[in-house]
Asker: 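Below is the structure I would like to discuss, written out as structure tokens.
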2 protein chains.
Amino acid sequence: MEFPEELVRGSIVPIVLSLLRERPMYGYEIVKLVNARSNGALEWKEGTLYPALHRLQAAGKIKSQWRDAPDAEGGRKRKYYTITPSGLADLGQKVDEWSNFTSAVQKVLRGA
Amino acid sequence: MEFPEELVRGSIVPIVLSLLRERPMYGYEIVKLVNARSNGALEWKEGTLYPALHRLQAAGKIKSQWRDAPDAEGGRKRKYYTITPSGLADLGQKVDEWSNFTSAVQKVLRGA
DNA sequence: TATTATGCCTCGCTATACAAGGTATCGCAA
DNA sequence: TTGCGATACCTTGTATAGCGAGGCATAATA
């Protein structure tokens, strides 16, 4: 589907925080999961996600921990991210913001 | 309401094209109209809109024409913009894109 | 005459998506 | 054991665009 960068911008942070609310995840997993859940509509790139994770961590919204992959899966060490209380608060705010924003745009687009 | 810049990004062009489909408008009018129609939720700035109009014109999506303000209103000359056929085609595509995008984001946010 | 609103514009700062490139580890097949 | 693909992480450079801040001109109004 390949959406233009201007659209993608605002969605990265809310989506990451929302996923991490479900359970801890590592970067590579997030990329694959987003692509899967959107049925390929959102094609996230590693070069986008990794810096975003670092920014969120620097801002105290998430924290990380290196862990081995479970024996059943194998593979190299993974950096698991979990959401912090501050990140949770942010998530709520950003989801509201997202819905307020899209509805404001709809209003103008529909000529209300 | 003051939405963050990352959210605003993707919405400028679709909104401008959509408004110009209704009728020709000038920049200052568009700023005020967007603010009004969104009930102040979208607070567009001139420093955002004017360059965007110039980019759209350079891309052939809109064209401009200087006209006097009608006697009833007064004021200085205005630069009216009208949408071109290419801009109309773009508009349709971008509105679809917008709705596809927001629905894809919703899917991930809701954990579908 | 001074102020306010209208109406246009540009410069500089900043943030960030993404392409491109790199490193390391593991499982598996030739 | 060597090679390869998948997994998993990272950084650098480029391009773009919102917006604060400033500026200019014109018209109505106080």
Side-chain angles (χ1 to χ4, degrees), chain A residues 1-16 24-36 42-59 61-62 64-81 94 101 105, chain B residues 1-16 24-36 42-59 61-62 64-81 94 101 105:
Chain A
M1 194 79 53
E2 195 68 28
F3 293 106
E5 182 240 304
E6 323 90 63
L7 282 187
V8 171
R9 280 205 175 217
S11 63
I12 306 274
V13 168
I15 288 180
V16 167
M25 294 185 192
Y26 56 99
Y28 195 81
E29 177 185 18
I30 293 178
V31 171
K32 304 294 177 194
L33 185 61
V34 167
N35 295 351
L42 306 177
E43 309 171 49
W44 280 19
K45 313 300 185 330
E46 296 179 41
T48 300
L49 181 61
Y50 286 122
L53 288 173
H54 300 159
R55 284 194 297 271
L56 282 171
Q57 182 164 31
K61 307 304 177 186
I62 62 180
S64 66
Q65 182 194 9
W66 285 98
R67 266 196 281 151
D68 285 319
D71 290 353
E73 297 174 23
R76 54 166 286 186
K77 268 184 188 295
R78 298 163 175 176
K79 197 170 180 181
Y80 280 88
Y81 289 92
K94 282 193 184 308
F101 178 73
V105 171
Chain B
M1 195 79 53
E2 195 66 28
F3 294 106
E5 181 241 304
E6 323 91 63
L7 281 187
V8 171
R9 280 203 176 220
S11 62
I12 307 274
V13 168
I15 288 180
V16 168
M25 294 185 192
Y26 56 99
Y28 195 80
E29 178 185 16
I30 293 178
V31 171
K32 304 293 179 194
L33 185 60
V34 167
N35 295 351
L42 306 177
E43 307 172 51
W44 279 18
K45 313 301 185 327
E46 297 178 43
T48 300
L49 181 61
Y50 287 123
L53 288 172
H54 301 160
R55 284 194 298 271
L56 282 170
Q57 182 164 30
K61 307 303 177 187
I62 62 181
S64 66
Q65 182 193 10
W66 285 97
R67 265 196 282 151
D68 285 318
D71 290 353
E73 297 175 23
R76 53 166 287 185
K77 269 183 187 294
R78 299 162 175 176
K79 198 171 180 181
Y80 280 87
Y81 290 92
K94 283 195 184 304
F101 178 73
V105 171

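Just so you know, these numbers come straight off a predicted model, no measurement behind them.
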Asker: Residues in side-chain hydrogen bond (donor to acceptor under 3.5 Å, both in side chains) with B/Ser64, at least two apart?
Answerer: B/Gln57

Asker: Based on the rotation axes of five pairs at each end, what angle does the helix from C/dT1-D/dA30 to C/dA30-D/dT1 bend through, to 10°?
Answerer: 10°

Asker: Starting the side chain at C-beta, find the nucleotide from C/dC8, D/dT16, D/dT7 nearest to A/Arg9.
Answerer: D/dT16

Asker: Think A/Tyr28 has a side-chain N or O under 4.0 angstrom from the OP1 or OP2 of D/dC9?
Answerer: no

Asker: Starting at CD1 of B/Ile30 and ending at P of C/dG7, how long is that distance when rounded to a whole Å?
Answerer: 12 Å

Asker: Of A/Tyr80 and A/Glu6, whose closest DNA chain D nucleotide lies nearer the 5' terminus?
Answerer: A/Tyr80

Asker: Between B/Trp44 (CH2) and D/dA17 (P), how many Å, whole number?
Answerer: 14 Å

Asker: With no hydrogens and no angle check, is any side-chain donor or acceptor of B/Glu73 less than 3.5 Å from a backbone partner on B/Pro70?
Answerer: no

Asker: Mind checking what makes side-chain hydrogen bond (donor to acceptor under 3.5 Å, both in side chains) contact with B/Tyr50, not counting sequence neighbours?
Answerer: none

Asker: Within the structure, does a side-chain N or O atom of A/Arg55 lie under 4.0 Å from either OP1 or OP2 of C/dA17?
Answerer: yes

Asker: When you match B/Lys32 and A/Ile12 each to their closest nucleotide on DNA chain C, which lands nearer the 5' end?
Answerer: B/Lys32

Asker: Sequence neighbours left out, what passes side-chain hydrogen bond (donor to acceptor under 3.5 Å, both in side chains) with B/Asp68? Give chain and number order.
Answerer: B/Lys77

Asker: Looking at B/His54, I'd like to know whether one of its side-chain N or O atoms comes within less than 4.0 Å of OP1 or OP2 on C/dT10.
Answerer: yes

Asker: Can you tell me the distance, in whole Å, between the CZ atom of B/Arg78 and the P atom of C/dC9?
Answerer: 14 Å

Asker: If you only use heavy atoms from C-beta on, which nucleotide in C/dT10, D/dC9, D/dT16 is closest to the side chain of B/Tyr50?
Answerer: C/dT10

Asker: Measure across A/Asn35 and A/Glu43 and return the closest heavy-atom pair with its distance rounded to 0.1 Å.
Answerer: OD1-CA, 3.4 Å

Asker: Specify the separation, in whole Å, of atom CG of A/Leu56 and atom P of C/dA17.
Answerer: 10 Å

Asker: In residues 4-16 of chain B, what donor-acceptor pairs under 3.5 Å come from side-chain atoms, sequence neighbours left out?
Answerer:
residue	atom	partner	partner atom	Å
B/Glu5	OE2	B/Arg9	NE	2.5
B/Glu5	OE2	B/Arg9	NH2	3.1
B/Ser11	OG	B/Val8	O	2.6

Asker: Between A/Val8 and B/Gly27, name the one whose nearest nucleotide on DNA chain C is closer to the 5' end.
Answerer: B/Gly27

Asker: Checking B/Arg76 now: which residues fulfil side-chain contact (heavy atoms from CB on, under 4.5 Å) with it, not counting sequence neighbours?
Answerer: B/Trp66

Asker: Return the set of residues passing salt bridge (Lys or Arg N to Asp or Glu O under 4.0 Å) with A/Lys32 (not counting sequence neighbours), or none when no residue passes.
Answerer: none

Asker: Can you tell me how far P of D/dT26 sits from CD of B/Glu73, to the nearest Å?
Answerer: 19 Å

Asker: Write out a two-atom table: protein N or O, nucleotide N or O from nucleotides 19-26 of chain C, distance below 3.5 Å.
Answerer:
residue	atom	partner	partner atom	Å
C/dA24	N3	A/Arg76	NH1	3.4

Asker: Nearest whole Å is fine: how far is D/dT7 C1' from A/Asn35 CG?
Answerer: 15 Å

Asker: Output the rounded distance in Å from CG (B/Leu49) to P (D/dG20).
Answerer: 14 Å

Asker: What is the distance, rounded to the nearest whole Å, between atom NZ of B/Lys79 and atom P of D/dT26?
Answerer: 16 Å

Asker: Apply side-chain hydrogen bond (donor to acceptor under 3.5 Å, both in side chains) to B/Tyr28 and list each qualifying residue two or more places apart in sequence or on a separate chain.
Answerer: none

Asker: Tell me, do A/Pro24 and A/Gln65 make a side-chain contact under 4.5 Å, heavy atoms counted?
Answerer: no

